Amino acid sequence: MTAATATAGGIDRARVARWLQEYGVYVAVVALLLFNVFFTANFLTLGNFRTQLVQAAPVCIVALGMALVIGTEGVDLSVGAVMALAASLIPLYLGAGPVPAVLIALAVGLAAGMFNGFLVAHLGIQPIVATLALLVGGRGLALVIAEGQLVQLHDKSFLELGTGDLAGIPISVWIAGLLSVVVALLVGRTTFGRRLVAIGGNRTASGLAGLPVKSVLVGVYAICGLLAAVAGVLATARLSASDPADIGLLMELSAITAVVVGGTALTGGRVRILGTVFGVILMQLVRATLIKHNLPDSTAQMVQAAIIVVAVYVARERSTR
């Protein structure tokens, strides 16, 4: 093989990797939708679309926060535990009304995120280690608060968050959509978003340039914790029960998968919010499609694992070219 041929081949691979990272998730969603339209019974029904969107909404909300963290070349493994922690607090304060209960749950999620950010930014602990501590301790604390019990909830105003509609669309889907727009504007239109991306691209250079690296990192993890708490509240309302042993379980893996599949590289310096939303939709469709064709959930998990391996490989190919 000549040098020119090798160079040409390298350019082609780089272009393919770039194209896949930019547009692959959108093409995959369209292809999977078309497959289901022709080969999956009862797919084109309002009930089915409602179910898929409601199931995807909490994952989408968590993935938005995860995208910000990964954009700084970090990761947050504690989001599932924060969801469980928020869920465990709802029954304790629901007697005072749904608003105080939700606000307290969100405040605790925000505090948990700030704690993660403090460990990463001020103590210099690796994100995977810092958030692993809360992954274990947070769910343990949630189980202690709930005394290891599932608690049924009956407050109709609170349960509306998980089961109610607004203009025919589930409230949880409205919230996920609104938060997607807010986070997209945060990344693309604010100084905080530009600093976030710069820090993810080169933290040392950003510090030397005078950017407030530590405060931005704390802010990013705080937002991630807050969004995880929002997802925990919605999941609790949808289940009509607080179950810290199950709510948010393995959510961190689902969120990371959606973010990476959506085109946000684990190496940081880039945040793709629309891609993340489509990543969530893709993973939800993959799971739903396999289940509807009578394949076990374990098969869906293996397929999802294969998808994330491909996504990481594509990102690596692009970054090395």
Side-chain angles (χ1 to χ4, degrees), residues 55 57-59 61-66 68-70 74-96 98 100-153 155 158 161-162 217-259 297 301:
Q55 290 179 350
V59 183
I61 294 170
V62 175
L64 293 173
M66 188 68 75
L68 300 181
V69 172
I70 291 178
V75 69
D76 190 346
L77 299 181
S78 69
V79 289
V82 172
M83 287 180 64
L85 196 56
S88 70
L89 293 169
I90 294 295
L92 297 182
Y93 300 99
L94 199 55
V102 170
L103 289 179
I104 289 172
L106 297 185
V108 169
L110 181 65
M114 293 180 67
F115 175 73
N116 284 334
F118 175 80
L119 294 180
V120 173
H122 292 277
L123 299 187
I125 300 175
Q126 288 292 324
I128 193 171
V129 177
T131 58
L132 182 62
L134 193 56
L135 164 67
V136 178
R139 189 170 294 276
L141 178 59
L143 289 170
V144 169
I145 292 173
E147 298 180 348
Q149 301 295 317
L150 182 150
V151 181
Q152 293 289 339
L153 303 176
D155 188 294
F158 174 75
L161 291 173
L217 287 175
V218 172
V220 165
Y221 282 90
I223 293 171
C224 189
L226 177 62
L227 291 176
V230 172
V233 169
L234 294 179
T236 303
R238 177 169 171 260
L239 291 173
S240 303
S242 171
D243 184 10
D246 185 65
I247 287 178
L249 197 62
L250 299 180
M251 178 60 76
E252 55 279 352
L253 300 182
S254 298
I256 293 170
T257 300
V259 173
D297 194 49
Q301 292 174 355

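Predicted model only: the values in this text are computed from it and were never measured.
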(Q) Test of understanding: with side-chain hydrogen bond (donor to acceptor under 3.5 Å, both in side chains), list the residues that count as partners of Ser78, not counting sequence neighbours. (A)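 Counting only residues at least two positions away or on another chain, Ser78 forms a side-chain hydrogen bond (donor to acceptor under 3.5 Å, both in side chains) with Asp76, Asn116.
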
Residues in side-chain hydrogen bond (donor to acceptor under 3.5 Å, both in side chains) contact with Gln126, at least two apart in sequence or another chain: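 Scan of Gln126 (side-chain hydrogen bond (donor to acceptor under 3.5 Å, both in side chains), adjacent residues dropped) gives none.
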
Show which side-chain atoms of residues 226-238 pair as donor or acceptor with protein atoms under 3.5 Å away, not counting sequence neighbours.
| from | atom 1 | to | atom 2 | distance (Å) |
| --- | --- | --- | --- | --- |
| Thr236 | OG1 | Gly232 | O | 2.7 |

Check: So, for Ala255 and Val62, which heavy atoms are closest and what is the spacing to 0.1 Å?
Finding: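 Smallest heavy-atom distance, with atoms named: CB-CG1, 3.8 Å.
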
Report task. Considering non-hydrogen atoms only, spot the tightest contact between Leu217 and Ala121 and give its length. Result ->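 So the two residues come closest at CB-CB, 3.9 Å.
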
From Leu239 atom CG to Asp246 atom CG, the distance as rounded to the nearest 0.5 Å:
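CG of Asp246 is found 7.5 Å from CG of Leu239.
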
How many angstroms lie between atom CE of Met83 and atom CG of Leu85, to the nearest 0.5 angstrom?
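Answer for the CE-CG pair, Met83 versus Leu85, is 12.0 Å.
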
Any non-hydrogen side-chain atom of His122 less than 4.5 Å from a side-chain atom of Val218?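 They are in side-chain contact.
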
If you look only at distance, which donor and acceptor atoms sit under 3.5 Å apart when one is on a side chain in residues 128-145 and the other is two or more places apart or in another chain?
| from | atom 1 | to | atom 2 | distance (Å) |
| --- | --- | --- | --- | --- |
| Thr131 | OG1 | Leu77 | N | 3.0 |
| Thr131 | OG1 | Pro127 | O | 2.7 |
| Arg139 | NH1 | Pro244 | O | 2.5 |
| Arg139 | NH1 | Ile247 | O | 3.1 |
| Arg139 | NH2 | Gly80 | O | 3.1 |
| Arg139 | NH2 | Ile247 | O | 3.1 |
| Arg139 | NH2 | Gly248 | O | 3.4 |

Problem set entry | Sequence-distant partners of Phe158, ring pair (Phe, Tyr, Trp, His ring centres under 6.0 Å), two or more places apart |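 Residues passing ring pair (Phe, Tyr, Trp, His ring centres under 6.0 Å) with Phe158: none at all.
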
When you look at Val79 and Cys224, which way does the side chain to side chain contact (heavy atoms under 4.5 Å, CB included) test go after all the steps? CA-CA 8 Å; Val79 289; Cys224 189; 3.6 Å; yes

For residues 83-96, which residue pairs qualify under side-chain hydrogen bond (donor to acceptor under 3.5 Å, both in side chains), counting only residues two or more places apart or in two chains?
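Listed once each, the pairs would be none.
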
- Excluding sequence neighbours, so at least two apart, what forms side chain to side chain contact (heavy atoms under 4.5 Å, CB included) with Leu150?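 Side chain to side chain contact (heavy atoms under 4.5 Å, CB included) check on Leu150 returns Gln152, Ala241, Asp243.
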
